[in-house]
There are 2 protein chains.
Amino acid sequence: MALTIKVNEETFTPRQQAVLTAALDLLVENGDGLTMTAVARRASCSKETLYKWFGDRDGLLTATVQWQAAKVRMPQVDRSGLNAKTLRASIEQFARDLLTVITGEVSITLNRTAVTHAAQEKDSLGMIVLENGPLAIRRRLKPILEAGRDARLLRFTSSEDAYRTFFGLVVRDVQIRLLLGDKALTQANVTDNIEADVKAATDQFFALYGAKATQA
Amino acid sequence: MALTIKVNEETFTPRQQAVLTAALDLLVENGDGLTMTAVARRASCSKETLYKWFGDRDGLLTATVQWQAAKVRMPQVDRSGLNAKTLRASIEQFARDLLTVITGEVSITLNRTAVTHAAQEKDSLGMIVLENGPLAIRRRLKPILEAGRDARLLRFTSSEDAYRTFFGLVVRDVQIRLLLGDKALTQANVTDNIEADVKAATDQFFALYGAKATQA
DNA sequence: TCTCTGCCGTACCGTACGGTACGGTTCGAT
DNA sequence: ATCGAACCGTACCGTACGGTACGGCAGAGA
C-alpha cells in the first residue's frame with residue numbers, strides 16, 4: 001500500500017504523527033513556509049519517506065490539517081435535565097469554546113492555510129476546516145437549541161438562523177481581524193476578555209431568542 | 001523619480017491603473033497566481049516597467065490592494081433630520097453595503113490575498129484591507145449610532161460594542177465561509193438573500209439596542 | 001550469519017519565478 | 001533632423017523548491 005492516509009479514519013502511526021506535529025509547528029512558526037525539506041529536517045526523516053507516506057506536498061498539508069482539525073473536540077454538553085439554568089450554561093459553554101478555539105494560534109494558522117488554499121481553486125482544506133470548525137459547532141448546538149425550544153425556553157422558527165445569529169454574536173469581527181493580522185488585537189488582549197464577551201454574547205442571544213423576549 | 005507610488009494619495013497614471021487592473025483581474029481569476037510575467041503579459045508592458053513603477057512583487061501587490069480597497073466607497077448617509085425612520089434606514093443601508101461588499105468577488109480575493117500575506121509575518125496588506133473594510137464602516141457607523149443615542153433612539157454604553165455587535169449580526173458566518181470556499185454558499189445563494197438578511201439583522205440590532213428594548 | 005525491509009541522509013534534476021540587462025521603438029522636446 | 005526619455009519584448013541569471021534516485025544502516029526474521 002502506497003498511501004497510509006485515510007481521510008475518514010485517522011490511522012497514523014506515532015512516527016507519522018510526529019511528522020505531522022513537525023509540519024504543524026513549522027506552519028505555525030513560519031506561516032506558509034512549509035517546505036518538504038524543512039519538514040524532513042525538523043522531523044528527522046527523509047523526504048523520500050514523506051512522499052511515500054503522504055504522496056505529495058498537498059497530501060502532507062491535507063493530512064496535517066485534517067489530523068489537527070479533528071483534534072478540536074468540543075466538550076459534549078449533556079442534554080438531560082434541561083432547564084433555564086443548564087440551558088444557559090450550555091450556551092455559554094459553546095460560546096466559550098468557540099471563542100477559545102478561533103483565537104488560538106493553531107486555529108488561526110489552519111484557517112489561514114485553508115484560505116490560502118482556497119485561493120487556488122482547491123477547496124478541500126477549506127472544507128476540512130469548515131467541517132471541523134463552524135459546522136461541527138452547528139451540529140452540536142442545533143440539538144441543544146431545539147431542545148430549548150421544545151422546553152419553551154427559547155423561541156425561534158429556524159434553528160439554522162438561530163445558530164448563525166449565535167455565531168455572529170460570539171465571533172463578531174474577532175476572527176477576520178485575527179486572520180488579517182490586526183496588531184491591535186493581541187492574543188492576550190482577546191483572551192483576557194473572553195469571559196466578558198461570552199457573557200455579553202449569551203445575554204444578547206437570550207434577549208433575542210429567550211422565551212420571554214419578543215422574537216426578532 | 002523612481003517610484004510613483006504614494007501610499008497616502010493614490011496618484012496612479014491611467015497606464016498604471018491599467019496595470020493594476022490587470023493585476024487585480026489575474027488575482028481574481030488565478031487566485032494567488034500573480035506572477036510578474038503574467039501581469040506584464042496581461043497588461044502588455046515590460047517587467048522592467050513593473051519593477052520601475054512598483055519596486056518589487058510585494059510593491060505591486062500592495063499597490064493593487066491599496067488602490068482597489070480604496071475604491072470601496074460606502075455611500076455617505078446623511079445625518080441630518082434624524083428620526084426613528086431615517087435612523088433605521090441608515091442602519092439598514094450600512095448592513096446592505098457591508099453584506100454586498102464582503103460577498104463580492106473582489107472583496108473575497110483581496111481578503112484572501114491579505115490573509116495569505118498575513119501568514120508570512122507581513123501585516124501590511126491585512127491592515128490595508130482592514131482599514132478600508134471593517135474599520136471604514138466602523139468610522140462611518142459610530143457617529144450615526146451615537147447620534148441615535150443622543151436622540152434617545154438607541155441605548156448602549158459603548159458604541160464600540162454596539163458596532164461590533166452590528167458587524168456580527170450582519171456578517172455572521174458568511175465571510176469566513178466564503179473565504180474558505182464553501183461550495184454550499186454560492187454567490188447567487190447569498191446575494192438573493194441579502195435583503196432578507198439585512199432586514200433580519202437590523203431587526204435584531206434594534207431589538208438589542210433600540211430605546212424601547214431592555215438593554216442587553 | 002545472511003538477507004530483506006524500511007528508513008535516513010544527501011545528492012541530484014527540472015522547473016517556475018523573481019529580478020536584471022539590453023536592444024529596438026515610439027514620441028515629445030529642442 | 002536629432003536627441004533622449006520612456007517603455008516594450010525578450011532573453012537571461014540565480015535561486016528556491018517539489019520531486020526522485022541512491023547509498024548506507026539498523027533491525028527483524030530465517
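Values below: all heavy atoms of this structure, side chains included; hydrogens, waters and symmetry mates excluded. Residue numbers begin at 1 in each chain, while the letters A, B, ... track the order of the sequences.
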Margin query: To the nearest 0.5 Å, what is the distance between CD1 on B:Ile128 and OG on B:Ser124?
Written below: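 B:Ile128 CD1 to B:Ser124 OG: 5.5 Å, rounded to 0.5 Å.
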Next item on the list: Give the intermediate values and the outcome of salt bridge (charged side-chain N to carboxylate O under 4.0 Å, His left out) for residues A:Asp203 and A:Arg88.
Entry: CA-CA 9 Å; A:Asp203 284 344; A:Arg88 188 189 180 85; 2.2 Å; yes
Next item on the list: Could you tell me whether the phosphate oxygens of D:dC7, OP1 or OP2, come under 4.0 Å of any side-chain nitrogen or oxygen in B:Trp53?
Entry: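 Checking B:Trp53 against D:dC7: at least one side-chain N or O falls below 4.0 Å of OP1 or OP2.
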Next item on the list: Using a 4.0 Å heavy-atom cut-off, write out nucleotides 9-27 of chain D from 5' to 3' as B (base contacted by protein), S (sugar-phosphate only) or - (no contact).
Entry: B-------SBBB-B-----
Notebook entry, point to check: Would you call the rings of A:Phe166 and A:Phe205 parallel, tilted or perpendicular if under 30° counts as parallel and over 60° as perpendicular?
Noted result: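 Perpendicular.
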Next item on the list: Name the closest nucleotide to the B:Lys52 side chain, picking from D:dA6, C:dC8, D:dC8.
Entry: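 Shortest atom-to-atom distance from the side chain points to D:dA6.
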Check: Taking atom CD of A:Glu105 as the centre, does the number of heavy atoms from other residues, nucleotides or ligands within less than 6.0 Å exceed 12?
Finding: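 Counting other residues, nucleotides and ligands, CD of A:Glu105 stays at 12 neighbours or fewer.
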Notebook entry, point to check: Does the pair B:Tyr209 and B:Gln204 meet the rule for a side-chain hydrogen bond (donor to acceptor under 3.5 Å, both in side chains), with working shown?
Noted result: CA-CA 9 Å; B:Tyr209 293 105; B:Gln204 291 178 326; over 6 Å; no
